[in-house]
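Here the structure is laid out as structure tokens; the discussion comes afterwards.
Just the heavy atoms: all of them, side chains too, but no hydrogens, waters or symmetry mates, feed the values below.
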Amino acid sequence: MADQTPQTATSSQMSLALFEDMLAEGFGIHEAAVEIGFQRNNVFVDIADLGVAARRLVDAAYFIVAQEQQSPRLYDVELSYFRWLMRYDSYNYKHLRAVISEAQKALVQVTDTPPGEEPSEKDVWVSVQLLGPVGLSNGRIAFEVPAILVRHIKDPANSHWLSLRISTAFTLNYARAIYDHVLPFISKGGTDWIPLEVVRSWPGKASASSAAFKYFKRDYLEPAMRQINELSDIELSYETRKTSRSIDRIRFKAVRKEGALPAMQQLLGAQEIYFTLKNEFGLTEKQFNEISANRNTWTDEWIERAVEFTRVKITQGKVSRSPSGFLMKALRENLSISDAERTMMAVQSKIEAEEQAKVEAQEAKHKARAADQAAQENAAKAKQEEEVQLGEAILCAMDATNRKELLEAYFVSTAGRLLIRKLKLDKAPLTEADVMLNPDLKQGFCHFAYLKYKPKAKQLVATA
């Protein structure tokens with residue numbers, strides 16, 4: 001439920017604590033700084049003939065059902081808490097009774113008859129009330145949900161996360177209806193093309209008339225879009241398509257707002273767990289939905305055991321295809337590392353650590369030896385540079401005749417001959433000026449002068 005604290009996502013205790021804290025401050029659920037909601041079955045999207053308040057009431061009831069570990073016949077909670085969940089701020093209990101009655105009259109209908117085709121006797125069709133009996137007494141509300149719906153609420157196969165914080169913020173029927181129908185398609189970036197008359201009919205009795213599209217757009221569609229983009233966690237846009245000369249198709253495009261946490265992260269509870277599953281294992285939205293649907297069983301500890309198991313098997317080279325698929329298998333089968341395997345890994349880790357320590361010690365010796373050698377080379381280079389400078393000072397102290405004789409001696413020396421050959425030069429035309437203009441020859445000649453007059457170097461420099 002919360003996106004900041006590492007607690008169980010579907011926790012009625014946590015939602016109650018949040019309610020108590022916010023009620024004391026006078027804040028509604030839509031002003032909550034953390035998420036509260038449940039994994040809603042996609043089948044409950046196509047519910048018509050419900051006003052905004054009645055739709056909120058059904059959501060609150062189903063949220064309570066989703067939190068219960070057991071499946072009691074009667075769900076009984078404080079009325080103030082229930083009203084907070086559905087963001088019912090009024091104390092007009094006559095109106096509240098009317099809203100309850102409205103919710104009780106609404107039906108969810110499921111069929112396998114393809115859209116646009118006439119039903120046959122072989123087709124499956126089920127029609128069920130959203131709520132059974134409801135009672136108000138002594139500040140509490142008790143209600144029943146048809147048993148056939150409970151399993152779809154508690155263990156939805158195809159589902160999406162419904163945030164009560166966001167859904168209760170809507171005040172327009174079409175804003176809530178469009179948001180509900182787009183939610184299952186967030187991961188795909190939007191819906192397919194939908195007949196315009198279907199979109200018009202989404203709110204049921206409160207649906208818009210079949211007036212020209214421009215009036216539907218002005219009076220219903222655009223206000224709903226503005227409210228969704230202002231209050232929800234998605235950015236919504238739409239496209240239309242014409243058949244003949246009239247618009248008869250529409251599709252919605254949706255992306256999560258920058259900085260908005262995906263529902264999967266909110267429902268997991270702990271950000272650390274979410275980022276591990278998302279970034280390390282690359283779980284898909286479908287896989288996150290499966291995790292959220294099983295959160296009553298798949299606790300944080302359950303998930304952490306599966307993560308540890310998968311990491312170990314990856315390290316052992318036993319995961320060759322899909323780390324995320326392997327992790328999901330570990331979650332479904334509650335796989336974990338045994339104590340014996342953990343001991344074996346500890347022993348292996350100790351052996352590897354000792355071997356690594358030996359390697360690191362050897363590398364340290366090599367580095368120390370290399371550093372010592374580099375230091376010696378730097379010292380030798382600094383010494384040679386000093387000797388070259390002294391050699392140049394010696395040459396400056398000599399007269400032209402002595403420098404010429406010394407240069408000729410350098411040309412015939414082993415060091416001089418090797419350097420001239422290396423530089424591919426001809427010594428015959430080389431003058432003293434040529435030598436002093438060539439950095440390599442100058443360095444060699446100056447060092448030769450230093451070595452030649454090394455015993456008298458300081459005296460010659462001092463005399464000059």
Side-chain angles (χ1 to χ4, degrees), residues 10-13 15-16 19 29 36-88 90-112 124-164 167-168 173 176-177 180-181 202-206 293 295-296:
T10 54
S11 168
S12 56
Q13 288 83 6
S15 61
L16 279 167
F19 156 65
I29 187 172
I36 179 170
F38 66 104
Q39 199 69 11
R40 183 175 65 170
N41 195 310
N42 291 347
V43 73
F44 297 121
V45 166
D46 291 314
I47 297 172
D49 298 330
L50 277 183
V52 171
R55 193 173 292 270
R56 291 177 183 173
L57 185 143
V58 171
D59 291 340
Y62 285 9
F63 168 81
I64 290 170
V65 173
Q67 311 313 307
E68 288 288 341
Q69 296 285 346
Q70 306 299 323
S71 298
R73 183 183 65 83
L74 192 67
Y75 296 86
D76 187 341
V77 297
E78 288 186 12
L79 181 58
S80 58
Y81 172 54
F82 189 92
R83 289 172 53 245
W84 182 78
L85 286 175
M86 63 175 288
R87 193 193 166 191
Y88 190 86
S90 172
Y91 288 93
N92 185 343
Y93 292 103
K94 181 178 181 180
H95 177 260
L96 179 59
R97 292 178 183 181
V99 171
I100 293 172
S101 297
E102 179 185 354
Q104 287 178 302
K105 294 175 184 177
L107 303 172
V108 57
Q109 300 182 9
V110 182
T111 180
D112 63 357
V124 175
W125 178 78
V126 179
S127 179
V128 185
Q129 282 183 294
L130 295 176
L131 283 177
V134 181
L136 303 177
S137 177
N138 296 322
R140 300 187 70 83
I141 181 171
F143 61 91
E144 292 182 18
V145 174
I148 193 173
L149 295 182
V150 171
R151 66 183 181 88
H152 295 292
I153 297 171
K154 298 175 73 69
D155 188 23
N158 299 305
S159 60
H160 56 275
W161 173 259
L162 178 67
S163 164
L164 298 187
S167 64
T168 56
N173 272 314
R176 178 60 200 272
D180 278 352
H181 282 82
W202 277 348
K205 294 177 181 178
R295 278 294 270 165
N296 284 336

Do Ile141 and Tyr81 come within less than 4.5 Å of each other through their side chains, counting heavy atoms only? no
Residue from Val126, Ile148, Val58, Val128 passing side-chain contact (heavy atoms from CB on, under 4.5 Å) with Val108: Val128
Within a strict 4.5 Å, meaning less than it, do heavy atoms of the His181 and Trp202 side chains meet? yes
Is there a side-chain contact between Leu162 and Asp180 in this structure, where contact means two heavy atoms from C-beta onward sitting under 4.5 Å apart? yes
Which atoms form the tightest heavy-atom contact between Gly132 and Pro146, and what is the distance? N-CD, 4.0 Å
Contact between Thr168 and Trp84 at the side-chain level, heavy atoms closer than 4.5 Å - yes or no? no
Identify the two heavy atoms, one from Gly51 and one from Glu102, that lie closest to each other, and give their separation to 0.1 Å. N-OE2, 2.6 Å
All side chain to side chain contact (heavy atoms under 4.5 Å, CB included) counterparts of Tyr93, not counting sequence neighbours: Leu79, Arg83, Tyr91, Leu96
Does any non-hydrogen side-chain atom of Leu130 lie less than 4.5 Å from one of Tyr62? yes
Could you tell me whether the side chain of Gln129 and the main chain of Gln104 form a donor-acceptor pair under 3.5 Å? yes
Test item: Tyr88 and Arg56 side chains (from C-beta on) under 4.5 Å apart, heavy atoms: no
Would you say that Asn173 contacts Leu50 through its side chain, given a criterion of any heavy-atom pair below 4.5 Å between the two side chains? no
For Arg97, all residues meeting side chain to side chain contact (heavy atoms under 4.5 Å, CB included), sequence neighbours excluded: Leu136
How many angstroms lie between CZ in Arg40 and OG in Ser167, if you round to the nearest 0.5 Å? 7.5 Å
Taking only residues two or more places apart in sequence, or in another chain, which ones meet Glu144 in a side chain to side chain contact (heavy atoms under 4.5 Å, CB included)? Arg73, Leu74, Pro133
Are Phe44 and His152 close enough that their ring centres sit under 6.0 Å apart? no
With heavy-atom distances below 4.5 Å as the criterion, would you say the side chains of Asp59 and Leu57 are in contact? no
